[in-house]
Amino acid sequence: MDYVLWVADEYAFDRVYSSFGYLGLPTLARDDILRQFSSLMCISGFGAYAIYMIFSTVSFYLFFDKRQMNHPRFIKNQIQQEIKMATDSIPTMALLTVPFFILEIRGYSKLYEDVEERGWPYLIFSILIFLLATDFGIYWIHRGLHHKSVYAYVHKPHHKWIVPTPYASIAFHPLDGWAQSLPYHICIFVFPMQKFLYLMLFIFVQIWSILIHDGEYFTRDPVINSAAHHTVHHLYFNYNYGQYFTLWDRLGGSYRKPSEEIYNSELRSQMKPHSKQDREMKAMASTLED
């Protein structure tokens, strides 16, 4: 995040903070923690919203199967509601996330700059470490959010979207979104990662969260936790908690293979599968709220 902060300081924030002097306020140096906190709050909030709106809109218009909007569980004005929930949650999620960025830019993480410090083989291997470690963390956090003691208070708002669109990707209760992002932030305090690579992977995971809500099933690969697997999660709640892979769901006994009625675009647009899904969905939902 220090790369992003440097660019923002160089081309925008230096001018903003220097203008404070005209108001009789302290101008704040670049390394002032209050300035860093304020700047990172702006960057993370506006950055998250920009990525969310741009890639969700592209995904919706290019990939999302609009016939799914005829599903009986698709809510009236759902897209507007998804955007509103995400927009309302982003500031709080940013506020809770900035302390991690502060620790990162102040040198407390294990991020490093020079690729040669650990070599190219480690750089490539660290991608796999990042994906497996964060997937493991998200799996258990996500599964924990389905526990009866917390589900209704924190995670249930996201499951309002039984038939999600790409705009549902961060339509969360803010504590829900923040909790599921924790593995991304914690990992760089546990194992070394190259700074630019981490930034790219951090952006990638935001986009991936949109893609698994887009309802377009490009792959039937049994290893990848695709949009089809995440559709199963939204329909039936207690399955497929993983983010990228099906590994942890298989080991944790929560894996459910998407059925043909989900993969087949013609079948999933028919009313008979919709009715079957609705009946099973109601039965599953009751187990979380008894």
Problem set entry | Pro164 backbone acceptor or donor facing Gln68 side chain under 3.5 Å | no
For this session: Examine Trp120 and Tyr122 and state if one hydrophobic cluster contains both, with Ile, Leu, Val, Met, Phe, Trp and Tyr joined whenever side-chain heavy atoms are less than 4.5 Å apart.
Result: yes
Exercise. Does OH in Tyr112 sit with more than 12 non-hydrogen atoms of other residues, nucleotides or ligands closer than 6.0 Å?
Worked result: yes
Exercise. Can you tell if the side chain of Trp6 reaches within under 4.5 Å of the side chain of Arg30, non-hydrogen atoms only?
Worked result: yes
Exercise. Does Lys66 reach the main-chain N or O of Phe64 with its side chain, forming a donor-acceptor pair under 3.5 Å?
Worked result: yes
Exercise. Can you tell me how far the CD1 atom of Ile33 sits from the CG atom of Leu28, to the nearest 0.5 Å?
Worked result: 12.0 Å
Seminar exercise, completed: Taken to the nearest 0.5 Å, the spacing of Leu199 CG from Met193 CE works out to 10.5 Å
For this session: May I ask you to decide if the ring planes of His158 and His213 are parallel, tilted or perpendicular, using 30° and 60° as cut-offs?
Result: perpendicular
Problem set entry | Euclidean distance, Ile170 CD1 relative to Thr87 OG1, rounded to 0.5 Å | 8.0 Å
Exercise. Can you check whether His146 and Phe237 have ring centres sitting under 6.0 Å from each other?
Worked result: no
Problem set entry | Test: Arg143 and Asp249 ion pair at under 4.0 Å | no
Exercise. Does the side chain of Tyr3 reach to within under 4.5 Å of the side chain of Val7, using non-hydrogen atoms?
Worked result: no
For this session: Following the transitive rule for hydrophobic clusters with a side-chain heavy-atom cut-off under 4.5 Å over Ile, Leu, Val, Met, Phe, Trp and Tyr, establish whether Ile124 and Ile188 coincide in one cluster.
Result: no
Exercise. Would you say the ring centroid of Tyr108 lies under 6.0 angstrom from that of Phe189?
Worked result: no
For this session: Please confirm whether the backbone N or O of Lys160 pairs with a side-chain atom of Gln81, one donor and one acceptor, at under 3.5 Å?
Result: no
For this session: Give, for atom CD1 of Ile162 and atom CD1 of Ile75, the distance between the pair rounded to the nearest 0.5 Å.
Result: 7.5 Å
Exercise. Going only through I, L, V, M, F, W and Y residues with side-chain contacts under 4.5 Å, is there a path from Leu128 to Leu201?
Worked result: yes
Exercise. Any side-chain heavy-atom pair from Leu5 and Phe101 closer than 4.5 angstrom?
Worked result: no
For this session: Output, in order, the C-alpha distance, side-chain angles, deciding distance and verdict of side-chain hydrogen bond (donor to acceptor under 3.5 Å, both in side chains) for Gln36 and Asp32.
Result: CA-CA 6 Å; Gln36 290 176 335; Asp32 183 275; over 6 Å; no
Exercise. Between Asp31 and Arg106, is there a side-chain N and carboxylate O pair less than 4.0 Å apart?
Worked result: no
Exercise. Does the side chain of Phe245 come within less than 4.5 Å of Asn225's, by heavy atoms?
Worked result: no
Problem set entry | Shortest non-hydrogen separation from Ser44 to Ala94 and the atoms involved | OG-CB, 3.5 Å
For this session: Could you tell me which non-hydrogen atom of Val163 sits nearest to which non-hydrogen atom of Phe74, and how far apart they are?
Result: O-CD1, 3.6 Å
For this session: Mind running side-chain contact (heavy atoms from CB on, under 4.5 Å) on Ile43 and Phe13 for me, showing each step along the way?
Result: CA-CA 11 Å; Ile43 292 169; Phe13 290 151; 3.9 Å; yes
Exercise. Would you say the ring centroid of Tyr17 lies under 6.0 angstrom from that of Phe20?
Worked result: yes
Problem set entry | Minimal non-hydrogen separation, Trp161 against Pro157, with atom names | NE1-O, 3.7 Å
Exercise. Any donor-acceptor pair under 3.5 Å linking the side chain of Trp178 with the backbone of Met93?
Worked result: no
Exercise. More than 12 heavy atoms of other residues, nucleotides or ligands under 6.0 Å from CZ of Phe204: is that the case?
Worked result: yes
Exercise. Does Asp135 reach the main-chain N or O of Tyr244 with its side chain, forming a donor-acceptor pair under 3.5 Å?
Worked result: yes
Exercise. Relative to the ring of Tyr241, is the ring of Tyr139 parallel (under 30°), tilted (30 to 60°) or perpendicular (over 60°)?
Worked result: perpendicular
Exercise. How long is the gap from CG on Asp2 to CG on Asp9, to the nearest 0.5 Å?
Worked result: 11.0 Å
Exercise. Would Tyr198 and Glu104 satisfy side-chain contact (heavy atoms from CB on, under 4.5 Å), going step by step from the backbone distance to the final call?
Worked result: CA-CA 11 Å; Tyr198 174 66; Glu104 175 193 326; 4.0 Å; yes
Exercise. Side chains of Ile105 and Leu40: closer than 4.5 Å at any heavy-atom pair?
Worked result: yes
Problem set entry | Over 12 non-hydrogen atoms of neighbours within 6.0 angstrom of NZ in Lys84 | no
Exercise. For Arg35 and Ser39, does a side-chain donor sit closer than 3.5 Å to a side-chain acceptor?
Worked result: no
Problem set entry | CZ/Phe125: more than 12 non-hydrogen atoms of other groups inside 6.0 Å | no
Exercise. Would a hydrophobic clustering, with Ile, Leu, Val, Met, Phe, Trp and Tyr connected at side-chain separations under 4.5 Å, put Tyr184 with Leu182?
Worked result: yes
Exercise. Got Phe100 and Met1 here, is their nearest side-chain heavy-atom distance under 4.5 Å?
Worked result: no
For this session: Spell out, yes or no, whether Val4 and Phe46 are grouped together once hydrophobic residues are joined by side-chain heavy atoms under 4.5 Å, including indirect joins.
Result: no
Exercise. Does one side chain, of Gln78 or Thr165, offer a donor that lies under 3.5 Å from an acceptor on the other?
Worked result: no
For this session: In sequence, state the C-alpha distance, the side-chain angles, and the governing distance for Val190 and Lys110, and then conclude on side-chain contact (heavy atoms from CB on, under 4.5 Å).
Result: CA-CA 7 Å; Val190 178; Lys110 293 190 175 184; over 6 Å; no
Exercise. Within the distance-only criterion (no hydrogens, no angle test), does the side chain of Gln194 pair as donor or acceptor with the backbone N or O of Glu113 below 3.5 angstrom?
Worked result: yes
Exercise. Looking at Ser181, Cys187, Pro183, which hits side-chain contact (heavy atoms from CB on, under 4.5 Å) with His185?
Worked result: Ser181
Exercise. Taking side chain as C-beta onward, heavy atoms only, is His142 less than 4.5 Å from Ser254?
Worked result: no
Exercise. For Ser209 and Gln243, what are the C-alpha separation, side-chain angles and deciding distance, and is it a side-chain hydrogen bond (donor to acceptor under 3.5 Å, both in side chains)?
Worked result: CA-CA 8 Å; Ser209 295; Gln243 186 78 346; 3.1 Å; yes
For this session: Look only at the side chain of Ser19 and the backbone of Val16, and say whether a donor-acceptor pair between them is shorter than 3.5 Å.
Result: yes
For this session: For Ile210 and Ser59, work out which heavy atoms get closest and say how close.
Result: CG2-CB, 4.0 Å
Problem set entry | Sub-4.5 Å side-chain heavy-atom contact between Tyr255 and Asn240 | yes
For this session: Tell me whether the centres of the aromatic rings in His229 and His233 are closer together than 6.0 Å.
Result: no
For this session: Could you tell me how the ring of Tyr52 sits relative to the ring of Tyr49: parallel (under 30°), tilted (30 to 60°) or perpendicular (over 60°)?
Result: tilted
Problem set entry | Check ion pair Arg15-Glu10 (N to O, under 4.0 angstrom) | no
Seminar exercise, completed: Taken to the nearest 0.5 Å, the spacing of Ile83 CD1 from Asp88 CG works out to 11.5 Å
For this session: Return the minimal non-hydrogen interatomic distance between Leu197 and Ser126, and the atom names on each side.
Result: CD2-OG, 3.4 Å
For this session: Please check if the side chain of Ser89 supplies one atom and the backbone of Phe172 the other of a donor-acceptor pair under 3.5 Å.
Result: yes
Problem set entry | CA sep, side-chain torsions, deciding dist, call: Phe55, Trp208, side-chain contact (heavy atoms from CB on, under 4.5 Å) | CA-CA 10 Å; Phe55 287 97; Trp208 181 263; over 6 Å; no
For this session: Quick one: closest heavy-atom pair of Ile203 and Ile51, and the distance?
Result: CG2-CD1, 4.4 Å
